[in-house]
Q: 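Here's a structure for you.
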Amino acid sequence: MARWPGRSVSAAILREILTEDRELTHEGLDQHPTAQAVSLLRHALVDVGVLEPRDTAWVQFVAWTDTFLEDRPEHMMRHLGPFCRWHVPARTRLLIARNGITDGTFVRARRICRTAAHFLDDLHAHQLELKTASQHAVESYLDRHPHNFEPLAVFLRWVSQSGAADRIHPIPSPYADPYTAYPIDTYRSWMRRFATDETIPLRTRICALIAGITGRPSTTIAGLTTASIIDDGDGMLLRLGTTPAHLPPPLPALIRRQLATPRRWDTESTWLFPSKLRAGAHVHASRFAADLQNLSCSIVRLRGAALLNLAATMPGAPLCDLTGMSPNVAARWQIVAASAYAQYPAIRL
């Protein structure tokens, strides 16, 4: 602690504020070039009530958009500018209002913008204009970049509806295949290990077991709060959708251990996984993926195996409620799982 004032960038920023070289405002902090130190200090100042809470993620996205569009050629900005400045933010606000905000909300928004720019670059490289390009240009692009289907579909719908393209239309859904999944034996082996292996960090075990049971992404799990947990001492329910889901052993015991763990910042935090660096915030979802990757486990494939199992045994409405999927996505998973829809496991009230 004695060395902290002379070595920490956050301490240097505080010194600038105290000497009135920098305003104690969000805008004043935004002007500092060191993003990580500013982010940590901002969280601390908001947490103690010195600064008013601000939607930092949205402000950062707007700033990123300005930087992303800077120095783009004119032929691209005719379409990319309105799309990134108006359509993507409007779509993002609608999704936030419908589903809430997660760590992946703006990651997807940025990916949509990048994919649109990449597609326009590809058209220009082949000496094609968006207005007159044919559907073959889209199919050729997706043959070379199949992972860009979902973000590109957003751009294609916009150009089709706005009249920016005459011959290009959104791609039919067969291009979008569900994520890959672990084979059932591998899936069971991982779930058994997460349930019994005490050498794995506690938060990693909880995240993997919830993802492997409910098929929920790490962004949802990272944002869980104590209000999501219903514990009567005997059993435990987790409220992810409208109806709480029963948690099988050993998840209740692991979650109780997590809640009893001493917290570095405020002891009144309601996050299930409070951050040790960002006061008042939860652990970033990328940490869970990194922890599992260090074990050579893919959370995408673990979730995929869970979704295939659930889709094969649950009707559509409970499946959507438990997993958070839209009806269209749930229908695709049921088709892939060859669902009989006859019975489903008693994991709900």
Side-chain angles (χ1 to χ4, degrees), residues 87-109 111-112 115 138 142 146-161 169-182 184 187 210-224 228 237-247 285 298-349:
H87 181 74
V88 174
R91 179 181 182 273
T92 303
R93 287 192 183 94
L94 180 63
L95 292 176
I96 291 174
R98 182 186 303 164
N99 305 321
I101 188 170
T102 69
D103 291 330
T105 299
F106 293 102
V107 173
R108 288 188 290 272
R111 188 185 175 202
I112 289 170
T115 302
V138 177
L142 288 175
H147 295 296
N148 286 350
F149 165 79
E150 291 188 6
L152 182 62
V154 178
F155 180 65
L156 294 180
R157 281 193 294 270
W158 179 77
V159 299
S160 177
Q161 294 170 2
H169 305 284
I171 296 297
S173 60
Y175 275 92
D177 295 325
Y179 293 116
T180 56
Y182 277 127
I184 188 63
Y187 164 74
I210 293 178
I213 292 172
T214 66
R216 289 278 181 161
S218 59
T219 51
T220 299
I221 298 170
L224 290 176
S228 307
L237 304 175
L238 184 63
R239 182 180 286 109
L240 293 171
T242 303
T243 306
H246 289 276
L247 295 180
S298 167
I299 191 171
V300 171
R301 302 188 70 186
L302 191 69
R303 288 183 57 224
L307 291 174
L308 282 176
N309 176 56
L310 293 171
T313 54
M314 294 184 71
L319 178 64
C320 293
D321 188 36
L322 177 64
T323 63
M325 295 188 295
S326 68
N328 289 339
V329 175
R332 280 167 38 205
W333 278 100
Q334 289 178 325
I335 292 172
V336 172
S339 171
Y341 316 131
Q343 296 177 345
Y344 60 96
I347 61 174
R348 310 183 65 79
L349 285 176

Q: Is there a side-chain contact (heavy atoms from CB on, under 4.5 Å) between E150 and I112 once you walk through the steps?
A: CA-CA 8 Å; E150 291 188 6; I112 289 170; over 6 Å; no
Q: Measure the shortest side-chain to side-chain distance between L152 and L142 over non-hydrogen atoms and say whether it is less than 4.5 angstrom.
A: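 Yes, their side chains come closer than 4.5 Å.
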Q: In the structure I gave you, are the side-chain heavy atoms of S228 and L238 within less than 4.5 Å of one another anywhere?
A: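 Answer yes - side chains close enough.
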Q: For the residue pair L307 and T214, what are the closest heavy atoms and their distance?
A: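 So the minimum-distance heavy-atom pair works out to CD2-O, 4.4 Å.
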Q: Please name all residues satisfying side-chain contact (heavy atoms from CB on, under 4.5 Å) with R111, sequence neighbours left out, ordered by chain then number.
A: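 With neighbours one apart ignored, the set is T115, H147, N148, P151.
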Q: Quick one: closest heavy-atom pair of I299 and S218, and the distance?
A: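 It is CD1-CB, 3.8 Å.
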Q: Please report the closest heavy-atom contact between A181 and A305, naming both atoms and the distance.
A: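 Between these two residues, the closest heavy atoms are CB-N, 3.3 Å.
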Q: Where do L156 and V159 come nearest, in terms of heavy atoms and distance?
A: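 Distance-wise, the nearest heavy atoms are O-CG2, 3.2 Å.
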Q: Measuring from T92:OG1 to R108:CZ, what's the distance to the nearest 0.5 Å?
A: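 Here the rounded value is 9.0 Å.
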Q: Under 3.5 Å, side chain of R216 to main-chain N/O of A211, donor-acceptor pair present?
A: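 Pair absent, no side-chain N/O of R216 close to backbone of A211.
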Q: With a 4.5 Å limit on heavy-atom distance, are the side chains of L240 and L224 in contact?
A: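 Contact flag for L240/L224 side chains = yes.
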Q: Which heavy atom of M314 sits nearest to which heavy atom of Q334, and what is that distance?
A: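 Closest pair (atom of M314, atom of Q334, distance): O-NE2, 3.1 Å.
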Q: Between I96 and T105, is there a side-chain heavy-atom distance shorter than 4.5 Å?
A: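 Yes. Closest side-chain heavy atoms under 4.5 Å.
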Q: Mind checking the CD1-NE2 spacing from I213 to H246? Nearest 0.5 Å is all I need.
A: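 Taking CD1 in I213 and NE2 in H246, the distance rounds to 13.0 Å.
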Q: With side chains defined as the heavy atoms from C-beta onward, is the minimum distance between W333 and L308 less than 4.5 Å?
A: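 Yes. Closest side-chain heavy atoms under 4.5 Å.
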Q: Look up atom NE2 in H87 and atom CZ in F155, then write down how far apart they are to the nearest 0.5 Å.
A: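 H87 atom NE2 to F155 atom CZ measures 10.0 Å (nearest 0.5 Å).
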Q: In chain order, what residues pass the side-chain contact (heavy atoms from CB on, under 4.5 Å) check against R157, with sequence neighbours excluded?
A: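 Applying side-chain contact (heavy atoms from CB on, under 4.5 Å) to R157 gives A153, V154, Q161, P170.
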Q: Would you please test L247 and L237 for side-chain contact (heavy atoms from CB on, under 4.5 Å) and show each step?
A: CA-CA 6 Å; L247 295 180; L237 304 175; over 6 Å; no
